[in-house]
S.K.: 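A single structure is presented below for examination.
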Protein chains: 2
Amino acid sequence: MSQIPFANVAERRDQPPMLAVSTVIFALRDDERSGRKSLWLPLVRRTREPFRGQWALPGGPLGPRDSLVDAAAANLLDTTGLIPRYLEQLYAFGDLDRSPTRRVVSIVYWALVREDDAPHTDTPATSVLLDDPNVAWFRADDESVLANLAFDHRQIIEYALWRLRNKVEYGSIAHRLLGERFTLAQVREVYEAVLNKSLDPANFRRQLRAATDLEETDEFLSGGKHRPPRLYRYTGSTSHPLESENIS
Amino acid sequence: MSQIPFANVAERRDQPPMLAVSTVIFALRDDERSGRKSLWLPLVRRTREPFRGQWALPGGPLGPRDSLVDAAAANLLDTTGLIPRYLEQLYAFGDLDRSPTRRVVSIVYWALVREDDAPHTDTPATSVLLDDPNVAWFRADDESVLANLAFDHRQIIEYALWRLRNKVEYGSIAHRLLGERFTLAQVREVYEAVLNKSLDPANFRRQLRAATDLEETDEFLSGGKHRPPRLYRYTGSTSHPLESENIS
DNA sequence: CAAATAGTGTCTTTAAGACAATATTTA
DNA sequence: TAAATATTGTCTTAAAGACACTATTTG
């Protein structure tokens, strides 16, 4: 626990709130344990007080020339080397005591990236893309990590997960965690990982084809020891402009 | 259209963004024209540049000691004299050019108030509660007003309406526009006003009673020239903590 | 009793879910 | 051919919507 000198408290009550932007980034990965796919997210280790040494969401102060979404995309690229396939504003967190030092209002975005966009690194020491020991990927439900996050970042991640589950259930964004062409079974794996329950393949197929803008391709995915599934492509539009921002 | 002196542009590029909180407030009122109920909202007339004389959402800068939701509730009370029955964060608007002078990031809340909370004033000159000619209520779909709002407030109001429609359709907040005891027909009127379409009374009744936490009272509303309808009371909880904040 | 809305019953259509059956690959 | 998943078919159940019908009040 960090101590708060009296001077800091006084300072905090009079300075204007600082504006920061942070991002919760989700990717889908094979889970060694369960054998299934599961959700992972990158965190950065703090190199300064407060919470020095603890893991936190990537983020930073809002520069005077960045729009909010640009700031989110930029610090995401800087810290993880990734370009998101989906980026949406999550919430603005502004409680008085969320930072022990000065008052900070954080506007948080959440993002989806494809598995192949995300360099696979299980430990900080083997981080590939940036070779930065202060960036690492964790399972989104890893209790030992969640329990030790800086600031209110655990609450933020849990809210982002709640939003993701809602979005995937009622919207059509699952494909953003996959490649450009995908099988219906892969989409089902996304749903199963996010909602954490198994779904009937037959019924899922029917619902998906009825509800979302999906286009058959002429290609099939061979290689498995079974009948090769057809590959599909997404051809949809987004709902409300503010509810989603596409990158590339 | 206001001119932007070069000095202001330079200034705007280097100062840190200013943080403001604004609120979109909805109430239900009788609509003289259609005879039905419809949605109304209060606006304040700007007394300073930019957009001097034009209508805008109530709001103001975020003080260092206010939490976001407190700031929203406070400026709502200051400008309209109302305490909301429902208050939820809508979105943070932060585009670089949304204010012609300096850079402003606005965190916007939306609120629901009951009809009897809202002093009935049709014109600015007859505002009752605050007797302030710079506060007035307008129909939420009044094109002549929407077309002349300050800043990006038209876009904000339209997004708030979209959220309200979604919320009322899938959630259970309609009762917050009504009194403590209400008939099922009154709830239906709320839905009809918000969704702008008529609903089958019989089917609506069944769905409502199946879906929401509603409790029968022993009272009936007499006075109409017809069988008196039973009064109900709401006994529900809210969904996700961040998705709603109850006031009193 | 006439008018008007409250409230119930019932039929049809549509979607969701369970699960059997068939199809097509690779090892 | 056995194993494995793809894909289709069918039956059941639940919800949504249309609409006829009964109930109860006021004037």
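As a basis for the values below, the full set of heavy atoms in this structure was taken, side chains included, without hydrogen atoms, waters or symmetry mates. Labels below follow one simple rule: chain letters A, B, ... track the order of the sequence lines, proteins then strands, and each chain is numbered from 1.
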S.K.: For the pair A:R230 and A:E219, find out whether any cationic side-chain nitrogen is under 4.0 Å from an anionic carboxylate oxygen.
M.R.: no
S.K.: Does A:R233 pair with A:E180 as a salt bridge, N-O distance under 4.0 Å?
M.R.: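 A salt bridge links A:R233 with A:E180.
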S.K.: With the side chain of B:F220 defined as its heavy atoms from C-beta on, choose the nearest nucleotide among C:dG7, C:dA6, D:dT8.
M.R.: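 Nucleotide nearest to B:F220's side chain: C:dG7.
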S.K.: For A:D31, is there an ion pair with A:K37 - N to carboxylate O distance below 4.0 angstrom?
M.R.: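 The answer is no: the pair does not qualify as a salt bridge.
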S.K.: Quick one: are A:W110 and A:F26 in side-chain contact, heavy atoms under 4.5 Å?
M.R.: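 Counting from C-beta outward, A:W110 and A:F26 do come under 4.5 Å.
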S.K.: Which nucleotide in the set C:dA6, D:dT7, D:dA18 lies at the smallest distance from any side-chain heavy atom of A:P229?
M.R.: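 The listed nucleotide nearest to A:P229's side chain is D:dT7.
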S.K.: Check the surroundings of atom CZ in A:F220: do more than 12 heavy atoms from other residues, nucleotides or ligands lie under 6.0 Å from it?
M.R.: yes
S.K.: How many whole angstroms separate atom CZ of B:R227 from atom C1' of C:dA2?
M.R.: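 In whole Å, C:dA2 C1' and B:R227 CZ are 18 Å from each other.
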S.K.: Rounded to whole angstrom units, what separation is found between the CZ atom of B:R188 and the C1' atom of C:dG7?
M.R.: 11 Å
S.K.: Just call it for B:A185: base, sugar-phosphate, or nothing, with non-hydrogen atoms closer than 4.0 Å on any strand.
M.R.: sugar-phosphate
S.K.: Distance check needed: D:dT5 P versus A:F204 CZ, whole Å only.
M.R.: 17 Å
S.K.: Base, sugar-phosphate or nothing for A:R209? Non-hydrogen atoms, less than 4.0 Å.
M.R.: nothing
S.K.: Taking atom P of C:dA4 as reference, at what distance in whole Å does atom CG of B:L221 sit?
M.R.: 18 Å
S.K.: Could you give the CG-to-P distance, from A:L184 to D:dT7, as a whole number of Å?
M.R.: 6 Å
S.K.: Can you tell me how far C1' of C:dG17 sits from OH of A:Y191, to the nearest Å?
M.R.: 17 Å
S.K.: Tell me the interatomic distance from B:D200, atom CG, to C:dC11, atom P, rounded to whole angstroms.
M.R.: 17 Å
S.K.: Below the 4.0 Å mark, does D:dT7 have OP1 or OP2 next to a side-chain nitrogen or oxygen of A:R205?
M.R.: yes
S.K.: Could you give the CZ-to-C1' distance, from B:F182 to C:dT5, as a whole number of Å?
M.R.: 19 Å
S.K.: When all nucleic acid strands are considered with a 4.0 Å heavy-atom cut-off, which category describes B:R206: base, sugar-phosphate, or nothing?
M.R.: base
S.K.: Between D:dT24, D:dA16, D:dT26, which nucleotide gets closest to the side-chain atoms of B:P228?
M.R.: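 Minimum distance to the B:P228 side chain belongs to D:dT24.
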S.K.: Need to verify one output field. Residue with the more 5' nearest nucleotide on DNA chain C, A:H226 or B:H226?
M.R.: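 This one resolves to B:H226.
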